[in-house]
2 protein chains.
Amino acid sequence: MGHAHELKKPVKNQKRVTISRIAELAGVSKATASLVLNGRSDEYRVAEETRERVLAIAREQHYQPSIHARALSSGRSYTLGLVIPDLMNFGFAYTARELETLCREAGLQLLIACTDDNSAQEQMVVDALIQRQVDGLLVASSALSDQLYQKINQSLPVVQLDRHIGESTLPMVISDACQATAQVTQMLARHSPDEIYYFGGQLKLSPSRHRLAGYELGLKRAGITPPDHWIQHKDFQPRSGYDMMAELCNQLGRPPKALFTGSFTLLEGVLRYLQQHQLMEANIYLGSFDDHDLLDCLPLRIDSIAQDCPALAFHAFSLIQQLIAEQTPAQNAQVLAPRIRWRNPASIRLLNEDRS
Amino acid sequence: MGHAHELKKPVKNQKRVTISRIAELAGVSKATASLVLNGRSDEYRVAEETRERVLAIAREQHYQPSIHARALSSGRSYTLGLVIPDLMNFGFAYTARELETLCREAGLQLLIACTDDNSAQEQMVVDALIQRQVDGLLVASSALSDQLYQKINQSLPVVQLDRHIGESTLPMVISDACQATAQVTQMLARHSPDEIYYFGGQLKLSPSRHRLAGYELGLKRAGITPPDHWIQHKDFQPRSGYDMMAELCNQLGRPPKALFTGSFTLLEGVLRYLQQHQLMEANIYLGSFDDHDLLDCLPLRIDSIAQDCPALAFHAFSLIQQLIAEQTPAQNAQVLAPRIRWRNPASIRLLNEDRS
DNA sequence: CTGAAAGCGCTAACAG
DNA sequence: CTGTTAGCGCTTTCAG
């Protein structure tokens with residue numbers, strides 16, 4: 001390719017067309033131009049003709065207002081901050097994608113920042129977002145206390161997304177993990193009443209707690225009291241899923257008969273273990289929170305719980321928009337129902353029988 | 001939850017601590033404070049004692065400079081724009097995640113925008129990013145001509161990421177799809193010399209062309225001339241993979257003996273078809289561009305090509321940083337080697353035999 | 001070594 | 001209906 005040395009360094013001369021320039025060309029004042037360009041011309045009853053002239057000139061000059069100047073003077077930055085653990089986690093990626101679309105359509109820019117579920121990092125990225133004067137903050141926090149966010153909420157709206165911190169009263173949009181998990185667990189109990197294991201993530205995270213609660217509720221409904229060793233917790237890393245599975249199989253000397261994994265990532269680890277040990281064909285009932293299209297392609301038919309990420313994104317977005325507009329939302333906590341994807345033929349058969 | 005009506009609307013009073021305030025408290029002028037806070041105190045030989053005082057006060061007041069004010073006056077926004085087709089595409093999500101980390105560590109904010117591979121939308125998001133005065137632009141464009149970007153490159157650095165537009169001379173960081181694809185194709189040819197199909201995406205996209213070229217090269221090396229009907233193109237949607245597979249199976253009256261899919265998304269569609277038609281156990285050799293950990297968990301052992309997303313991100317980031325600093329980079333086109341993940345036992349056996 | 005002052009581009013009163 | 005006038009918070013000469 002060898003163009004290296006011909007590379008011209010960008011000439012940053014192209015001086016920006018400012019609103020002053022537009023005003024000048026249109027023969028009006030900056031203020032008038034500003035009004036017109038912000039679509040508030042009728043509110044201030046600017047002459048039809050003046051408006052058209054300004055608009056035309058702006059268009060032909062390809063005028064692009066400086067967000068920074070605007071932010072500086074108006075106090076709004078037209079950005080939203082999104083704080084998530086990891087952009088590679090399928091659910092968060094999905095939600096982020098949906099939010100990006102919603103923001104784009106509303107003329108906002110989404111600023112995505114990852115915390116890696118590490119609270120020091122979370123502090124830092126939140127600081128950085130505040131510094132950029134985001135108009136609102138959407139957070140899937142891994143913090144233990146909502147103190148930081150309560151403080152922030154004094155000056156700009158904060159909405160908790162997918163997770164909520166302890167008993168925080170901050171607005172939130174989450175999935176109802178409990179009911180769906182209970183249903184899937186009940187089904188596992190029908191397949192294998194004498195043995196239903198559970199692998200979960202950090203108990204400090206609300207999703208973990210709700211999923212565990214769902215598991216326990218499901219067993220209770222099935223009239224089963226789980227011995228302690230059925231329940232295991234680590235974090236949501238695939239590695240942890242693998243390790244928990246390895247340990248369990250070693251202990252039992254065989255794979256478990258039924259298992260519910262609290263997340264797709266954990267399930268990944270479990271599947272990796274099964275594959276490595278030629279157990280993919282084993283007779284094991286699996287249920288999992290989170291869903292992925294590829295689960296449709298596995299020989300092992302796993303019943304899974306799919307969060308409604310588009311709805312999560314939509315409601316969180318609406319909520320924060322309302323808060324930014326200083327409206328009082330109808331509800332400050334929204335709990336969305338996930339969808340269960342029954343894949344196991346035995347499950348499907350039982351469901352059909354129930355129906356008839 | 002019913003707190004709805006108690007919801008206090010955020011009181012946006014907490015007046016921001018500005019540099020003036022810091023200067024005032026420290027008993028110096030704004031200019032001095034600015035120098036100190038930007039770490040250029042020794043360059044201007046500010047008194048040691050003065051500096052410490054300013055720094056201490058800034059810290060205790062939790063001073064956070066306004067990015068917008070800074071951007072306005074300095075002309076830099078400390079943001080990078082990333083333009084990708086879709087944040088849900090595994091490779092792009094991975095790259096975005098890595099870039100986000102690199103940016104964060106460098107005190108930059110990454111602005112991610114998706115185009116859905118639609119050029120009108122691409123125009124729009126690029127406009128929006130320019131308007132936000134990004135300091136540089138990283139793009140995986142689906143445009144046919146680099147005209148837009150050549151123009152932008154006059155005023156700010158543009159780096160092509162993962163894809164390049166036609167014969168564009170703009171800087172780029174891409175994967176060398178050709179060699180790896182050729183290798184995997186050769187392997188498919190050894191398994192099934194008389195039938196090796198290929199499914200690809202839009203030919204206007206450079207990755208599609210390189211992957212196809214790799215396939216053809218692999219066959220050529222194997223001494224095979226592919227009949228036209230072996231090669232099919234649509235787009236990179238899973239749906240298209242499914243459709244192409246459905247059509248092919250219908251035509252043949254059986255699944256193909258060997259197939260290379262040009263992307264993970266296409267493979268997904270293919271796998272879905274196979275699963276739906278109970279063909280997962282069929283004797284079919286699959287190779288694919290792109291990789292995913294879950295492929296380790298499939299009974300069908302697929303040889304796949306994993307792009308080195310962290311490296312892609314790293315090099316693109318370094319490159320654009322250099323360009324922003326108006327340095328002349330050593331090379332303006334970087335081609336990174338992907339890694340082949342051999343999973344098929346037959347492939348692995350052959351490779352071992354070759355070695356000995 | 002430090003301070004004063006002039007903008008960056010835009011918005012928002014407040015006068016005409 | 002339109003223009004004037006202050007800033008928003010920070011950087012950056014240019015004089016002390």
Side-chain angles (χ1 to χ4, degrees), chain A residues 12-55 58 61-78 107 130-133 135 155, chain B residues 12-55 58 61-78 107 130-133 135 155:
Chain A
K12 316 211 179 184
N13 44 13
Q14 315 258 132
K15 50 187 68 173
R16 163 179 274 280
V17 288
T18 75
I19 199 168
S20 307
R21 181 101 182 87
I22 300 294
E24 186 188 323
L25 288 172
V28 298
S29 76
K30 275 167 47 178
T32 308
S34 173
L35 287 177
V36 171
L37 294 170
N38 288 303
R40 313 201 320 198
S41 41
D42 39 354
E43 186 181 328
Y44 280 76
R45 317 215 275 129
V46 173
E48 169 86 24
E49 187 250 0
T50 313
R51 190 189 47 190
E52 290 312 323
R53 190 151 29 93
V54 173
L55 252 25
Q61 296 290 322
H62 214 82
Y63 169 68
Q64 297 202 275
S66 154
I67 293 285
H68 300 296
R70 173 178 291 178
L72 194 54
S73 88
S74 71
R76 281 205 51 181
S77 64
Y78 298 91
I130 300 289
Q131 185 171 124
R132 294 197 121 83
Q133 274 159 228
D135 297 331
S155 36
Chain B
K12 317 212 179 185
N13 43 13
Q14 315 257 136
K15 51 188 67 175
R16 163 180 275 278
V17 289
T18 76
I19 199 169
S20 306
R21 182 98 182 85
I22 301 294
E24 187 187 321
L25 289 173
V28 298
S29 76
K30 275 166 50 178
T32 309
S34 173
L35 289 177
V36 171
L37 294 170
N38 288 303
R40 312 201 321 199
S41 42
D42 40 355
E43 186 181 329
Y44 280 75
R45 318 215 273 130
V46 174
E48 169 86 25
E49 187 250 0
T50 312
R51 190 189 48 189
E52 289 313 323
R53 189 151 30 92
V54 172
L55 252 25
Q61 295 291 321
H62 214 85
Y63 169 67
Q64 298 201 270
S66 154
I67 291 286
H68 300 295
R70 174 178 290 178
L72 194 55
S73 87
S74 71
R76 281 205 50 181
S77 65
Y78 299 90
I130 299 289
Q131 186 171 122
R132 293 198 122 83
Q133 273 160 225
D135 297 329
S155 37

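All values reported here derive from a predicted model rather than from experimental measurement. Naming convention: chains lettered A, B, ... in sequence-line order (proteins, then strands); numbering from 1 in each chain.
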Side-chain contact check for B:Ala47: nearest option of C:dC1, D:dT11, C:dG9 is C:dC1
Whichever of B:Thr50 and B:Ala69 has its nearest DNA chain C nucleotide further upstream toward 5': B:Thr50
I need the CD1-P distance between B:Ile67 and C:dC8, as an integer number of Å. 21 Å
Heavy-atom pair of closest approach, residues B:Gln133 and B:Ser77: O-OG, 2.6 Å
Return the CZ to CZ distance between A:Arg132 and B:Arg70, rounded to the nearest 0.5 Å. 9.5 Å
A:Ile19 CD1 to D:dG3 C1', in whole Å, measures 13 Å
Kindly give the heavy-atom pair with the smallest separation between B:Ser66 and A:Leu72, and that separation in Å. OG-CD1, 4.3 Å
From CG of A:Leu72 over to P of C:dC10, roughly how many Å is that when rounded to an integer? 12 Å
Rounded to whole Å, NE2 of B:His68 lies from C1' of C:dG9 at a distance of 14 Å
Looking only at heavy atoms, the pair that brings A:Ala58 and A:Ile22 closest together is CA-CD1, 3.7 Å
Output the rounded distance in Å from NZ (A:Lys30) to C1' (D:dG3). 11 Å
What is the distance from CZ of A:Arg21 to P of C:dC10, rounded to the nearest Å? 13 Å
Closest to side chain of B:Ala31, choosing from C:dG3, C:dG9, C:dT11: C:dG3
Would you tell me if any nitrogen or oxygen in the side chain of A:Thr32 comes within less than 4.0 Å of OP1 or OP2 on D:dG3? yes
For the residue pair B:Thr18 and B:Tyr63, what are the closest heavy atoms and their distance? C-CE1, 3.7 Å
Which part of the nucleic acid, if any, lies within contact of B:Ser34, taking any heavy atom under 4.0 Å across all strands shown: a base, the sugar-phosphate backbone alone, or nothing? base
What is the separation between atom CG on A:Leu37 and atom C1' on C:dC10, rounded to the nearest whole Å? 11 Å
Between A:Ser29 and D:dG3, is there a side-chain N or O to OP1/OP2 distance below 4.0 Å? yes
Which listed nucleotide (D:dG3, C:dC10, D:dC10) is nearest to the side chain of A:Arg70? C:dC10
Both B:Gln133 and B:Leu35 contact DNA chain C. Taking the nearest nucleotide for each, which residue is further toward the 5' end? B:Leu35
So, is B:Tyr63 close to the D:dC10 phosphate, meaning a side-chain N or O under 4.0 Å from OP1 or OP2? yes
Between D:dT2 (C1') and A:Glu48 (CD): distance, integer Å: 16 Å
